[in-house]
Engineer: 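Got a structure for you, questions after.
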Amino acid sequence: MSLGIDWARAWILRSADVIAENRTTLTTLDREIGDGDHGENMDRGFAAVRAKVDGLADDAVPGDALKIVATTLISTVGGAAGPLYGTAYLKAAGAVAGQTELDGAALVSLLTAARDGIVLRGKAEVGDKTMIDAWTPAVDAAAAALAEGRSEPEILAAAAEGAARGSESTDALVAHKGRASYLGERAVGHRDPGSVSTVLLLQAAADVAADAS
Ligand code: ADP
Ligand code: MG
């Protein structure tokens, strides 16, 4: 089974739902080691995205949908996360541009391009206590699942599990990027909020793919 515009649209709408449901959780995490706005930032962005997705043309492809997410997040989210996620979706859109149906290899390209876009923009490495600590194990797990011949929903499920493991690993870390880096050792014991929003977005991708299969 490959994933087309219906999956992309469903992923985006599910993302808007889970970000809205977890707005308080994300904000609470950001209050511990940041400035307490990550939930509001993301919810504002995805509420705007939800309104735009309805306007997609009938012959739109997944890359078109991802591009709308990118431009909308860049113009509405602000903070660090807006440009970072905006770049992620823009690079993801570019990686699958023009493709009507995404197979496993396309999904791995999409995820890799998203992660690389965040790194290009924010210069964080694994271990810096940022969303990259979720994205990189997600990409690695998706690539491993592809190499094992897994299905598209399984590849996305592997990505979500990798992201969840990576997000948990941020608890033990001192931050080297973003606002949490001002806190030094005081950030230890707290989970990075951007890694948690990453888990939500990738879990949404996996869940809608599982529903469709
Ligand atoms: P702000 O920090 O401007 O208030 P948000 O609260 O919306 O923005 O987002 C904070 C999240 O952004 C952090 O939890 C972290 O995951 C992510 N982040 C911050 N700086 C970077 C960076 N340089 N690279 C990757 N992710 C980053
Ligand atoms: Mg913040």
Side-chain angles (χ1 to χ4, degrees), residues 12 15-50 69-92 110-141 159-205:
I12 293 163
S15 297
D17 289 344
V18 296
I19 291 293
E21 285 160 17
N22 289 279
R23 174 188 162 118
T24 308
T25 304
L26 295 173
T27 286
T28 303
L29 289 171
D30 195 34
R31 198 170 289 136
E32 303 287 349
I33 57 169
D35 58 352
D37 62 357
H38 190 57
E40 274 82 42
N41 287 344
M42 295 296 288
D43 191 28
R44 185 180 338 108
F46 272 93
V49 166
R50 183 197 297 282
V69 178
T71 53
T72 309
L73 293 183
I74 289 168
S75 62
T76 57
V77 174
L84 291 167
Y85 275 125
T87 306
Y89 282 93
L90 199 61
K91 298 291 185 186
L110 181 163
L111 295 169
T112 304
R115 187 274 313 273
D116 291 350
I118 298 167
V119 170
L120 193 71
R121 183 97 203 185
K123 310 275 184 277
E125 296 172 5
V126 168
D128 283 346
K129 199 179 181 100
T130 72
M131 59 175 76
I132 286 302
D133 288 305
W135 275 99
T136 289
V139 168
D140 292 347
E161 285 159 23
R165 276 197 309 277
S167 178
E168 284 167 23
S169 79
T170 67
D171 295 12
L173 298 172
V174 170
H176 298 293
K177 285 280 186 296
R179 290 180 194 278
S181 64
Y182 309 144
L183 297 178
E185 291 287 335
R186 277 184 292 149
V188 174
H190 299 285
R191 192 158 301 182
D192 175 64
S195 75
V196 175
S197 54
T198 297
V199 174
L200 294 172
L201 297 173
L202 294 181
Q203 189 65 54

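For the single chain, residues carry numbers from 1 onward in sequence order. Computed from a predicted structure; not experimentally measured. Both counts, for ligands and for their atoms, begin at 1 and track the order of listing.
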Engineer: Which residue owns the protein heavy atom closest to atom 17 (C) of ligand 1, what's the atom, and how far is it?
Structural biologist: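 Its nearest protein heavy-atom neighbour is M131 CE, 3.8 Å.
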
Engineer: Rounded to the nearest 0.5 Å, what separates atom OG in S167 from atom CE in M131?
Structural biologist: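 So the gap between those two atoms works out to 11.0 Å.
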
Engineer: V188 and L173: side chain to side chain contact (heavy atoms under 4.5 Å, CB included), yes or no, with the steps?
Structural biologist: CA-CA 5 Å; V188 174; L173 298 172; over 6 Å; no

Engineer: What atoms of ligand 1 come closer than 4.0 angstrom to any heavy atom of D192?
Structural biologist: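 Those of ligand 1 that fall under 4.0 Å from D192 are 13 (C), 14 (O), 15 (C), 16 (O).
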
Engineer: Count the heavy atoms of every other residue, nucleotide or ligand shown that sit under 6.0 Å from CZ of R44, and state whether that count exceeds 12.
Structural biologist: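 Result for CZ/R44: enclosed.
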
Engineer: Among the N, O or S atoms of D30, which one sits nearest to the Mg ion (ligand 2)?
Structural biologist: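 Checking each N, O and S atom of D30, the shortest distance to the Mg ion (ligand 2) belongs to OD2.
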
Engineer: Identify, by atom number and element, the atoms of ligand 1 in contact range of G79, meaning under 4.0 Å from any of its heavy atoms.
Structural biologist: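 It comes down to these atoms of ligand 1: 3 (O).
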
Engineer: Please say whether A124 places an N or O atom under 3.5 Å from an N or O atom belonging to ligand 1.
Structural biologist: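 No; the residue has no nitrogen or oxygen that sits under 3.5 Å from a nitrogen or oxygen of the ligand.
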
Engineer: Could you state the interatomic distance from OG1 (T87) to CD1 (I74), rounded to the nearest 0.5 Å?
Structural biologist: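 The CD1 atom of I74 is 5.5 Å from OG1 of T87, to the nearest 0.5 Å.
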
Engineer: Considering the heavy atoms of K177, write down every atom of ligand 1 situated less than 4.0 Å from one of them.
Structural biologist: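 The atoms of ligand 1 under 4.0 Å from a heavy atom of K177 are 23 (N).
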
Engineer: Does P193 come within less than 4.0 angstrom of ligand 1, counting non-hydrogen atoms of the residue?
Structural biologist: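 For ligand 1, residue contact (heavy atoms, under 4.0 Å) with P193 is present.
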
Engineer: Side chain or backbone, does R179 bring an N or O within less than 3.5 Å of an N or O on ligand 1?
Structural biologist: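 Yes, there is a polar N/O contact under 3.5 Å.
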
Engineer: Among all protein heavy atoms in this structure, tell me which lies nearest to atom 18 (N) of ligand 1, with the distance rounded to 0.1 Å.
Structural biologist: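 Going by distance alone, atom 18 (N) of ligand 1 is nearest to L84 CD1, 3.7 Å.
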
Engineer: Could you check if a side-chain atom of F46 sits within less than 4.5 angstrom of a side-chain atom of L73, using non-hydrogen atoms only?
Structural biologist: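 With C-beta onward as the side chain, the pair touches.
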
Engineer: Less than 3.5 Å between some nitrogen or oxygen of I132 and one of ligand 1, yes or no?
Structural biologist: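 No - when backbone and side-chain N and O of I132 are compared with those of ligand 1, no distance drops under 3.5 Å.
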
Engineer: Do me a favour and list the nearest non-hydrogen protein atom to atom 10 (C) of ligand 1 with residue, atom name and distance?
Structural biologist: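 Going by distance alone, atom 10 (C) of ligand 1 is nearest to H38 ND1, 4.1 Å.
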
Engineer: What atoms of ligand 1 come within less than 4.0 Å of a heavy atom belonging to D30?
Structural biologist: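 The atoms of ligand 1 under 4.0 Å from a heavy atom of D30 are 6 (O).
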
Engineer: Against heavy atoms of D35, which atoms of ligand 1 measure under 4.0 Å?
Structural biologist: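 Reading through ligand 1 atom by atom, the close ones are 4 (O).
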
Engineer: Which value, rounded to 10°, describes the OD1(D35)-the Mg ion (ligand 2)-OD1(D37) angle?
Structural biologist: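 Angle OD1(D35)-the Mg ion (ligand 2)-OD1(D37): 80°, rounded to 10°.
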
Engineer: Would you give the length of the straight line joining atom CG of L200 to atom CE of M42, rounded to the nearest 0.5 angstrom?
Structural biologist: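 If we round to the nearest 0.5 Å, L200:CG and M42:CE are 8.5 Å apart.
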
Engineer: Only one of L111, L84, T130 forms a side-chain contact (heavy atoms from CB on, under 4.5 Å) with W135, so which one is it?
Structural biologist: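 Of L111, L84, T130, side-chain contact (heavy atoms from CB on, under 4.5 Å) with W135 is met by L111 alone.
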
Engineer: Determine, for K129 against D192, whether the closest basic-nitrogen to carboxylate-oxygen distance falls under 4.0 angstrom.
Structural biologist: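 Not counted as a salt bridge, because no side-chain N and carboxylate O are separated by less than 4.0 Å.
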
Engineer: Would N41 and T76 count as a side chain to side chain contact (heavy atoms under 4.5 Å, CB included) here? Give the steps.
Structural biologist: CA-CA 8 Å; N41 287 344; T76 57; over 6 Å; no

Engineer: Nearest 0.5 Å, what's the CZ-CG distance between R121 and L90?
Structural biologist: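 R121 CZ to L90 CG: 10.0 Å, rounded to 0.5 Å.
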
Engineer: Which residue and non-hydrogen atom of the protein lie closest to atom 23 (N) of ligand 1, and at what distance in Å?
Structural biologist: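 Going by distance alone, atom 23 (N) of ligand 1 is nearest to G122 O, 2.9 Å.
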
Engineer: For T130, which part has a heavy atom under 4.0 Å from ligand 1: side chain, backbone, both, or neither?
Structural biologist: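 For T130, the contact with ligand 1 is made by both the backbone and the side chain.
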
Engineer: Number the atoms of ligand 1 from 1 as they appear, then name those within less than 4.0 Å of a heavy atom of G194, with their elements.
Structural biologist: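 In order of number, 13 (C), 14 (O), 16 (O).
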
Engineer: Does the side chain of T27 come under 3.5 Å of the side chain of H38 through a donor N or O and an acceptor N or O?
Structural biologist: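 No - no donor-acceptor pair under 3.5 Å links their side chains.
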
Engineer: Consider every N or O of K123 and every N or O of ligand 1, then say whether any pair is closer than 3.5 Å.
Structural biologist: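 Between K123 and ligand 1, no N or O pair is found under 3.5 Å apart.
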
Engineer: Using a strict cut-off of 4.0 Å, indicate which atoms of ligand 1 neighbour a heavy atom of D37.
Structural biologist: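 Result: 4 (O), 5 (P), 6 (O).
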
Engineer: So T71 and Y89, side-chain hydrogen bond (donor to acceptor under 3.5 Å, both in side chains) or not? Walk me through it.
Structural biologist: CA-CA 9 Å; T71 53; Y89 282 93; over 6 Å; no

Engineer: Examine A80 against ligand 1 and note whether any of their N/O atoms are separated by less than 3.5 Å.
Structural biologist: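 Yes, A80 has an N/O under 3.5 Å of an N/O on ligand 1.
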
Engineer: Within ligand 1, which atoms have a heavy atom of G178 less than 4.0 Å away?
Structural biologist: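 Matching atoms, with element in brackets: 19 (C), 20 (N).
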
Engineer: With a 4.0 Å cut-off, would you call R31 and D37 a salt bridge?
Structural biologist: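 Here R31 does not pair with D37 in a salt bridge, since their nearest N and O are not under 4.0 Å apart.
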
